[in-house]
Chemist: 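Handing you a structure now.
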Amino acid sequence: MSTPLNRRHFFAGAAATAVAAASVSRVALAALPEAVQQTSADTAAPWLPPGVTGAGRPYNPVVTLNGWTLPWRLNNGVKEFHLVAEPVVREVAPGFMVNMWGYNGQSPGPTIEVVEGDRVRLYVTNRLPEHTTIHWHGQRLPNGMDGVGGLNQPAIPAGKTFVYEFTARRPGTFMYHPHADEMVQMAMGMMGFWVTHPRQKHPLIDEVQRDYCFLLNAFDVEPGSMTPQVNTMLEQNIWAWNSRVFPGITPLVARLGERVRVRVGNLTMTNHPIHIHGVEFEVSGTDGGPTPKGSRWPEVTTDVAVGQMRQIEFVADEPGDWAMHCHKSHHTMGAMGHSVPTMIGADHRGLVKPLQRASPDYMVMGERGMADMGEMQMELPANTFPMMTGTGPYGPIEMGGMFTTLKVRADQKAGDYSDPGAYAMPAGTQARLVDTSTAPTATRPAPATPNPPANATVRKPAADASPAHGHH
Ligand SMILES: [Cu+2]
């Protein structure tokens with residue numbers, strides 16, 4: 001692969017293990033395809049099938065944030081995949097590990113990437129301690145392949161392998177997830193992305209130079225523990241993109257002027273307004289397929305509701321490091337107890353000493369707001385990531401959770417996904433401190449005179465004779 005890569009953020013391991021059809025013997029083809037495993041939470045380089053005929057028209061592969069694309073093998077014209085449902089340990093942020101359930105070594109599972117019209121065969125091996133299924137969210141397929149346990153198939157027992165087979169009939173953005181003990185299995189991180197590229201030039205699907213995808217997911221992991229609470233409905237404390245939180249989420253990178261697509265799926269239990277700074281985008285597709293061009297309008301935030309997918313597109317025509325995040329401010333925070341009181345404006349300095357005698361770790365939190373938390377690096381239980389973290393060239397960013405950056409550069413090479421570092425702002429284009437030593441003292445207008453002008457009509461309340469309530 002000729003794509004220049006930054007080794008710190010990318011690996012090419014998946015491509016190396018792909019099996020070209022020509023090299024697989026008839027005997028080997030009768031066996032299950034290799035279940036490729038991934039041990040890294042880094043973002044993999046885009047994966048293109050190596051020299052396989054019948055792969056359909058060349059397409060621009062997607063890049064899964066902090067994820068990877070599952071290699072397939074071609075067996076008699078059928079693309080064969082092998083997913084293994086199993087317990088995994090996911091690095092959610094550097095040094096912060098969570099026990100999850102996922103596929104092939106990671107949560108989320110690998111992205112499945114195929115071309116419209118492909119015949120697809122997916123083996124699913126269950127290494128969980130309980131039964132499972134996979135539902136191929138949004139696909140047109142035979143009813144018996146839809147994966148709802150009990151309704152469309154018996155669930156896959158622990159230790160067994162089922163096979164799903166169908167034709168990827170329509171191009172678009174899809175997801176997969178269990179439809180058996182869903183509440184537990186999704187709370188534990190079982191989900192993955194699916195992209196079907198158009199076979200021919202499609203009137204509603206534009207060519208793009210960058211195509212990113214990620215899932216919105218959420219977990220409830222008590223500070224100091226390693227395993228999610230699966231019964232939590234809404235009060236999760238880890239708001240993640242592909243089971244990663246800022247500053248652990250890879251930035252989206254683009255060369256100035258490139259057209260960029262971002263595909264987002266929501267498998268949390270609440271909606272997420274996804275907001276990008278610096279550009280306007282259009283929703284070019286939903287879970288139901290590409291949107292008619294006349295229905296698109298420019299916006300800078302799009303809400304992705306529970307179970308939905310949105311595909312947005314923009315031209316990256318403003319250089320810089322642009323914030324990209326969920327606009328629910330609690331979703332750009334990290335681990336936090338639910339009972340932190342608001343202390344803004346409360347002077348509780350006299351209470352600190354007695355409290356610290358009882359509880360030596362007690363800290364004064366937030367009497368000037370919570371920004372101090374970004375600098376203070378509190379003592380936290382082991383295996384907890386800080387509430388607000390990530391440092392930019394100008395200080396703490398005070399963000400965690402569902403936050404990353406869109407980095408647009410004139411000198412980023414086509415196909416180069418490596419992090420270009422911090423943006424160098426042209427002189428005179430940054431907000432700056434001004435000298436206020438010679439500024440006039442701020443004055444307030446005097447309170448309104450109690451004597452109204454002679455020609456005004458005033459109605460006074462009869463019972464209340466006290467002076468007008470002025471400003472204090
Ligand atoms: Cu959100």
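Computed over heavy atoms, backbone and side chain alike; hydrogens, waters and symmetry mates excluded. In listed order, ligands and their atoms are each counted from 1.
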Chemist: Using side chain to side chain contact (heavy atoms under 4.5 Å, CB included) as the criterion, point out the one residue from Gln308, Met309, Arg310 that pairs with Thr286.
Modeler: Arg310
Chemist: So, for Pro198 and Val115, which heavy atoms are closest and what is the spacing to 0.1 Å?
Modeler: O-CG1, 4.2 Å
Chemist: Would you name the heavy atoms of Gly147 and Thr133 that are closest together and state the gap between them?
Modeler: O-OG1, 2.7 Å
Chemist: Does Arg261 qualify as a cation-pi partner of Phe281, given the criterion of NZ or CZ under 6.0 Å from the six-membered ring centre and within 45 degrees of its axis?
Modeler: no
Chemist: Inspect the contact between Arg199 and Asp118 and indicate whether a charged nitrogen and a carboxylate oxygen are less than 4.0 angstrom apart.
Modeler: yes
Chemist: Check salt bridge (charged side-chain N to carboxylate O under 4.0 Å, His left out) between Asp206 and all other residues, then give those that pass, not counting sequence neighbours.
Modeler: Arg259, Lys293
Chemist: Quick one: name the protein N/O/S atoms under 2.8 Å from the Cu ion (ligand 1), chain by chain.
Modeler: His272 ND1, Cys326 SG, His331 ND1
